[in-house]
Each structure stands twice: as C-alpha cells, then as structure tokens.
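Remarks on the structure that follows.
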Amino acid sequence: MSDAPAGFVAQHARALERLCKRAGAARWGVGDESLRDAAYRGTCAAGVSEAGVDSFIDALHAEDLSLALACQNGESAPWEHFITSFRPQLYAASRAIAGDEARGRELADSLWAEMYGMEVRDGRRRSILSYFHGRSSLLTWMRAVLAQRHVDYIRSQSRIAPLDDHADQVATSSDDHGEESGERARYVAMLGQALDGALKSLAPRDRMRMAYYYRHDLSLKEIGRVMDEHESTVSRRLARTRDELKREIERALHDGNQLSREQILLCYDWAAGDLQIDLSRALPDAK
C-alpha cells in the first residue's frame, strides 16, 4: 500500500517524475512508487508548505535516496556498493569526530550495523536509513548521525561521574587510597569473571572474529578474507556479538553477583583499565 496519497501524487506529478528520472533507481530495483512514497514522507517530516513541495522534491539528492531505499530492502548488490562507496569517508569522519582510532572505528562499525538493520519487527528489518529523506547528501547525513552518536556516548559517560564522586568520598573516609581499595579490586574481579564467562560462551566463529578484530587488530576486510565473509557481514556480526557480550556480562553481574544497575556501571568504570588484559587473555590466538 502506497504511503503517498493519490492527491499528492497527482498534484506534484511533474516534480515526482523528474525525481524518478534523476534517481536511476532501476539499477537497484527500486520502483517509482517507492520514490514517490519517500518524497511524501520527506515533505511530511520537514513540514514543507504546499507551495514549496515541488521545489523541495527538485532539491532532493535523488541517487542517494534511491540507494538508501535499496539498502533498506536488504539487497546485497546495493549494500556492497554502499559499503565500497562510503566506507573510507565514514571511517575518516568517525576518527575525526571521536579523536581516537579505536573509538572512531567502533563508532563507524556501530553505525554500519544500524544502517543494515539488526532488529527485525513484523518480519522486516528496521534500518536507521529509513530516517534519510534525501534533503542532504547521504554522506552529510551519516556524518551528522555519527556526531550525534558520539555526543550520546559522551553524555552516557558523564552520567557515571556522580557515582565516581560518591565512591571516592566513601573510600576516602576509610582509606586514603580509595582507588586501590578492596572494594575496587572486588568489582574489577567480578567484571573480569563475567567477561571471561561471556567470551567463552560465544560460538567459536564469533569468538575468533572478535579475536581477529580486538586482539590482532585486523581490518574488517582482512577478517572477511580470512573467514570467507563480506566485510559488511563481519561488521554486522561483530556488532551483534558485542551486544550479546554486554547482555551476558550484565546478566551475570545482576543475577550471579546481585549487583544493582548503579553497581554495574561502577564495575565498568573501575575496571576500564583492566578489560583489555582480560580480553586478550580470554580470546584465542590466531592460527
């Protein structure tokens, strides 16, 4: 069923026809109806007045819009073209935004997974690309999303700060070296044990993929060659595995160690400097 009302299509037929011609959507198997629906959703999202609809449609980045629509459908050819065309720029942008190679790569890989659509609802994958309406270029839009994701990350880290202050006050009252207190060591040990258990519970290929990426610092393309997977598949599976690890770690800390959400956040904060050691120890060597 079409999203665009018949009246909208009829009234703006010429502008919509120009959009379809510019889009080159047949290359990706995207029909004119899908483009008309996308244009209608874009005008609604932007709150365009009736008088400005034709100008709005004519200004859309038609080729990028058709590619985004094709990628939402999960077809391999447009997705591989998308990866090839935008991966270098996206990684460069993520490094610039994060100011750190490792954090930048994690930020970009996470966005790849969101754009592919890891969640399935009502039999359809939910991709963040559904929010791309073509008002800017696809690359500009992705940079904006990366920036927002990084801001969200910074904010999530800042919410831990009050816990740090409280922990320091409690520790100082009994021990001048609060960060070296027994409580800190206990939390670090609990998180290390939960991480070990979560990593060991992974399927062998998932564990090896994590080892190649985090322990041996291979790129997605290199991992794909070793494991006979496309690099976009490697990215999606790494993102899925990270989510599984996080859920399993927090389940172990909550159910096994009876920790509250605040205590779990404190575990992460205090153990941050030790996690890489545990990760290297628990992940297998490349053979």
* Go through the steps for Ser260 and Gln263 under the test side chain to side chain contact (heavy atoms under 4.5 Å, CB included), then give the verdict. => CA-CA 5 Å; Ser260 67; Gln263 289 172 317; 3.3 Å; yes
Can you measure from [atom1] ([X]) to [atom2] ([Y]) and round to the nearest 0.5 angstrom?
X      : Y      : atom1 : atom2 : answer
His230 : Glu80  : NE2   : CD    : 4.0 Å
Leu146 : Arg95  : CG    : CZ    : 11.5 Å
Ile249 : Gln193 : CD1   : CD    : 12.5 Å
Met208 : Leu202 : CE    : CG    : 12.0 Å
Gln89  : Leu138 : CD    : CG    : 10.5 Å
Glu244 : Arg251 : CD    : CZ    : 13.0 Å

With no hydrogens and no angle check, is any side-chain donor or acceptor of [X] less than 3.5 Å from a backbone partner on [Y]?
X      : Y      : answer
Ser235 : Glu231 : no
Ser201 : Ala198 : yes
Asn257 : Leu259 : no
Ser66  : Ala23  : yes
Thr140 : Ser136 : no
Asp3   : Asp37  : no
Ser34  : Val30  : no

Taking atom [atom1] of [X] as the centre, report whether more than 12 heavy atoms of other residues, nucleotides or ligands fall under 6.0 Å from it.
X      : atom1 : result
Asp228 : CG    : no
Arg135 : CZ    : no
Arg14  : CZ    : no
His254 : NE2   : no
Glu250 : CD    : yes

Is there a side-chain contact between [X] and [Y] (heavy atoms, below 4.5 Å)?
X      : Y      : answer
Trp141 : Asp64  : no
Pro5   : Tyr40  : yes
Met227 : Arg205 : yes
Gln72  : Leu129 : yes
Leu253 : Leu191 : yes
Arg103 : Leu107 : yes
Thr43  : Phe8   : yes
Met115 : Trp79  : yes

* **Chi angles and distances behind the side chain to side chain contact (heavy atoms under 4.5 Å, CB included) call for Arg27, His81** => CA-CA 11 Å; Arg27 176 185 182 185; His81 175 79; 3.7 Å; yes
* Could you check whether the rings of Tyr91 and Trp112 sit parallel, tilted or perpendicular, using 30° and 60° as the cut-offs? => perpendicular
* To do: Any chance you could lay out the side-chain hydrogen bond (donor to acceptor under 3.5 Å, both in side chains) test for His12 and Glu50, step after step, and finish with the verdict?
  => CA-CA 10 Å; His12 305 289; Glu50 185 60 40; 2.7 Å; yes
* **salt bridge (Lys or Arg N to Asp or Glu O under 4.0 Å), paired with Asp206, selected from Lys200, Arg240, Arg236** => Arg240
* Intermediate values then yes/no, salt bridge (Lys or Arg N to Asp or Glu O under 4.0 Å), Arg105 and Glu101 -> CA-CA 6 Å; Arg105 185 162 60 178; Glu101 178 77 25; 5.6 Å; no
* Just do the side chain to side chain contact (heavy atoms under 4.5 Å, CB included) check on His61 and Leu65 with the steps written out, would you? => CA-CA 6 Å; His61 292 253; Leu65 182 59; 6.0 Å; no
* Asked: Could you walk me through whether Ile57 and Leu16 pass the side chain to side chain contact (heavy atoms under 4.5 Å, CB included) check?
  -> CA-CA 7 Å; Ile57 293 173; Leu16 291 169; 3.8 Å; yes
* Specify the closest pair of heavy atoms between Ala147 and Ile97, including all atoms of both residues, with the distance to one decimal. =>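 For Ala147 and Ile97, the tightest heavy-atom pair comes out as N-CD1, 3.8 Å.
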